[in-house]
Every structure is written in C-alpha cells, then in structure tokens.
Amino acid sequence: MEEEEEEEDTFEDAVCTKTPSRVNTPLSVITEAFENLADLLKPDISTDEDGLSLDAFCNACTHVSILFSCLGLAFKFAEMEYISKVKDLVEASKTLDTLQNILDLDVENETVKTPGSRSRNLRRVRQGLDLIRAIFEQFLMTDEYSLKNAATTAYTEVCAPFHTWAVRTAVYAGMYTLPTRDQLLLRLNETDQSVEKNMRRYMEASRPIIEYIDKLYIERNIKLDW
C-alpha cells in the first residue's frame, strides 16, 4: 500500500517549493528534468550502443502530467492516457534498461503496435511530450497569448490524426473551458517573463528527445503514422 501511495505521489509533486533564493515552479522543474535528459543525448555522451536510460526518461516524464492538469477538462483524456502510459513505462524500467530495449523486445515478439504494448505506450508518451511542446510554441507565437487558439492548433497538429472522432469532438468542445492566460500563469506560479523563458527552455530540451524516439522507430522500419 505504501509503495502505491509513493507511486501516485510522483505524479503530484508539482507543489511549488520556495527558498529565500529560488522558487521552483512546476514548469521550471519539468524544464530542468528535460534539460538533464537532453544532456544525455549530446555527442560527448554516447547513447548509440547503450541507448537512452529508460529510468531517466521516466523520471523526467512523470513531472509533465501537472501541465495537462493545468489545462483542465479539455485535456483530461490526454492527461489520463499520458499518466497510464508513463506508469507502464515506469514498471518496464524495473526489468529493461533503455528505450531501445522496449522496441527490440516488441519487434522480436511482433507486438510493436499491439494495444497495450510498451512500444505503443512509448509512442503515446512521445506524443504527449510533443503536444506540450506544440502548445508552448503556439502560445508564444502571438502577442495575445491565446491558450485556446494555441491548444487547438497544437492538438490538431500532434494528436487529432490518431484519435477517434468521439475523442476529437470531446477535446475540441472542451477547448472553451481552457483557463485564460492569467489563470494559467497563476496555476503555474509563473510571471510573464518567467513563463516565456521556461516554455522556450522546454521546447529546446524536448525536441532532441522527441527526435531520438522517432529515430528508434524509423531505424527498425516502423512507420510513425499510428
């Protein structure tokens, strides 16, 4: 029972902690985690043979669910799906060392696209990370900082092609419940200046990780249209 409670807590550690010299906001914690993960992919740190650590990947991904939560009902489905898929990968990290191991095992068993397979779950987590990146990108592109417009465009680009009509309809209808720009800043405990800085940091740090995951599939002749 205690282990289950600790596992749940990993998805709820977005409570802001303050010290006299620094404020750790949910977004800054996420950004730092992905910057550290991206560092593992730099040329001077070899991941070609060993592969990217699954445990390190999961540790970074567990922080992201708070961002879906901040978006409210519109992305409740995405939040629930993301959390369940990350939890499965966390479980996999107890026996598998790298992201490559996940794909190689499913390729060997011919279960890559089987519902519930870890290769499929990794693909969905990757889409979740890309959705957040796209929302941030769209959010910062205009002076109005319209979250509704940003989220609609990002969802249409990243997730809609892979969701059923019913899910797409529910998500688009829920866009009207998204928080305002000021409400989002309050939920994230960010200012106008800090939110832009941290969003750009996440966008930069997450991009090579997303590309790395895509490369793992492509190298194994697995298409990305699913």
Side-chain angles (χ1 to χ4, degrees), residues 3-4 6-8 10-11 33-34 37-38 40-41 47-69 71 74-135 154-172 174 206-226:
E3 291 182 359
E4 291 180 358
E6 290 177 1
E7 184 175 294
E8 290 294 332
T10 62
F11 292 93
F34 276 87
L37 191 62
L40 299 178
L41 295 177
T47 57
D48 291 337
E49 296 182 3
D50 299 331
L52 183 63
S53 165
L54 179 56
D55 185 58
F57 177 75
C58 290
N59 285 339
C61 289
T62 53
H63 296 290
V64 177
S65 60
I66 185 61
L67 296 180
F68 289 110
S69 178
L71 295 175
F75 286 93
K76 189 63 178 178
F77 174 82
E79 178 188 5
M80 294 172 61
E81 181 180 51
Y82 179 86
I83 289 177
S84 68
K85 300 315 187 239
V86 172
K87 284 185 176 180
D88 182 64
L89 296 183
V90 170
E91 185 64 26
S93 70
K94 297 176 181 178
T95 55
L96 300 174
D97 293 329
T98 68
L99 272 63
Q100 290 184 9
N101 294 155
I102 287 179
L103 283 167
D104 289 340
L105 183 60
D106 278 334
V107 168
E108 181 181 350
N109 295 328
E110 299 183 351
T111 55
V112 171
K113 296 185 179 181
T114 301
S117 76
R118 281 165 173 161
S119 292
R120 191 180 187 91
N121 289 346
L122 175 60
R123 180 81 183 135
R124 294 297 175 261
V125 170
R126 173 254 183 248
Q127 287 178 353
L129 301 179
D130 199 24
L131 176 61
I132 294 297
R133 179 206 59 77
I135 290 175
Y155 175 78
T156 301
E157 171 190 326
V158 177
C159 295
F162 310 104
H163 284 170
T164 64
W165 176 87
V167 172
R168 293 196 305 270
T169 301
V171 171
Y172 286 130
S206 64
R207 188 171 284 109
I209 296 165
I210 292 168
E211 292 174 351
Y212 174 80
I213 295 173
D214 285 348
K215 182 180 177 182
L216 292 180
Y217 288 86
I218 293 171
E219 288 177 342
R220 289 159 178 78
N221 297 317
I222 304 170
K223 295 182 179 180
L224 303 178
D225 57 349
W226 55 290

For this session: Decide side-chain contact (heavy atoms from CB on, under 4.5 Å) for I135 and V158; before the verdict, give the C-alpha distance in whole Å, the side-chain angles of both, and the deciding distance to 0.1 Å.
Result: CA-CA 10 Å; I135 290 175; V158 177; over 6 Å; no
Exercise. Is any side-chain heavy atom of V107 less than 4.5 Å from a side-chain heavy atom of I222?
Worked result: yes
Problem set entry | Side-chain heavy atoms of L37 within contact of N59, under 4.5 Å | no
Exercise. Should the pair R133-E211 be classified as a salt bridge under the 4.0 Å nitrogen-to-oxygen rule?
Worked result: no
Which distance, rounded to the nearest 0.5 Å, do you find between the [atom1] of [X] and the [atom2] of [Y]?
| X | Y | atom1 | atom2 | value |
| --- | --- | --- | --- | --- |
| S69 | I66 | OG | CD1 | 4.5 Å |
| E79 | L67 | CD | CG | 10.0 Å |
| F34 | F57 | CZ | CZ | 6.5 Å |
| R118 | L96 | CZ | CG | 6.5 Å |
| S93 | E91 | OG | CD | 7.5 Å |
| L89 | S84 | CG | OG | 9.5 Å |

So which atom in [X] and which in [Y] form the shortest heavy-atom distance, rounded to 0.1 Å?
| X | Y | value |
| --- | --- | --- |
| R168 | A160 | CD-O, 3.3 Å |
| L41 | P208 | CD1-O, 3.7 Å |
| C61 | Y82 | O-OH, 2.7 Å |
| C159 | L131 | SG-CD2, 3.9 Å |

Problem set entry | side-chain contact (heavy atoms from CB on, under 4.5 Å) between L52 and L216, intermediate numbers included | CA-CA 10 Å; L52 183 63; L216 292 180; over 6 Å; no
For this session: If a pair satisfies salt bridge (charged side-chain N to carboxylate O under 4.0 Å, His left out) and one of its residues is in residues 102-114, list it, with sequence neighbours excluded.
Result: D104-R220
Exercise. Given the rule in the side-chain contact (heavy atoms from CB on, under 4.5 Å) test, do Q127 and K85 qualify, once you have shown the distances and angles that lead to the verdict?
Worked result: CA-CA 11 Å; Q127 287 178 353; K85 300 315 187 239; over 6 Å; no
Exercise. Can you name the salt bridge (Lys or Arg N to Asp or Glu O under 4.0 Å) partners of D214, sequence neighbours left out?
Worked result: R123, R126
For this session: Say whether Y217 and S119, considering side chains only, have a donor N or O and an acceptor N or O under 3.5 Å apart.
Result: no
Problem set entry | Aromatic ring pairing H163/Y155, orientation class (parallel under 30°, perpendicular over 60°, tilted between) | tilted
Exercise. For L122, which of L54, D88, I213 qualifies under side chain to side chain contact (heavy atoms under 4.5 Å, CB included)?
Worked result: I213
Exercise. Step by step, would you call T114 with R120 a side-chain contact (heavy atoms from CB on, under 4.5 Å)?
Worked result: CA-CA 7 Å; T114 301; R120 191 180 187 91; over 6 Å; no
Exercise. So, the side chain of Y212 versus the backbone of A38: is there a donor-acceptor pair under 3.5 Å, distance only?
Worked result: no
Exercise. Hey, does the side chain of S117 reach the backbone of T111 with a donor-acceptor pair shorter than 3.5 angstrom?
Worked result: yes
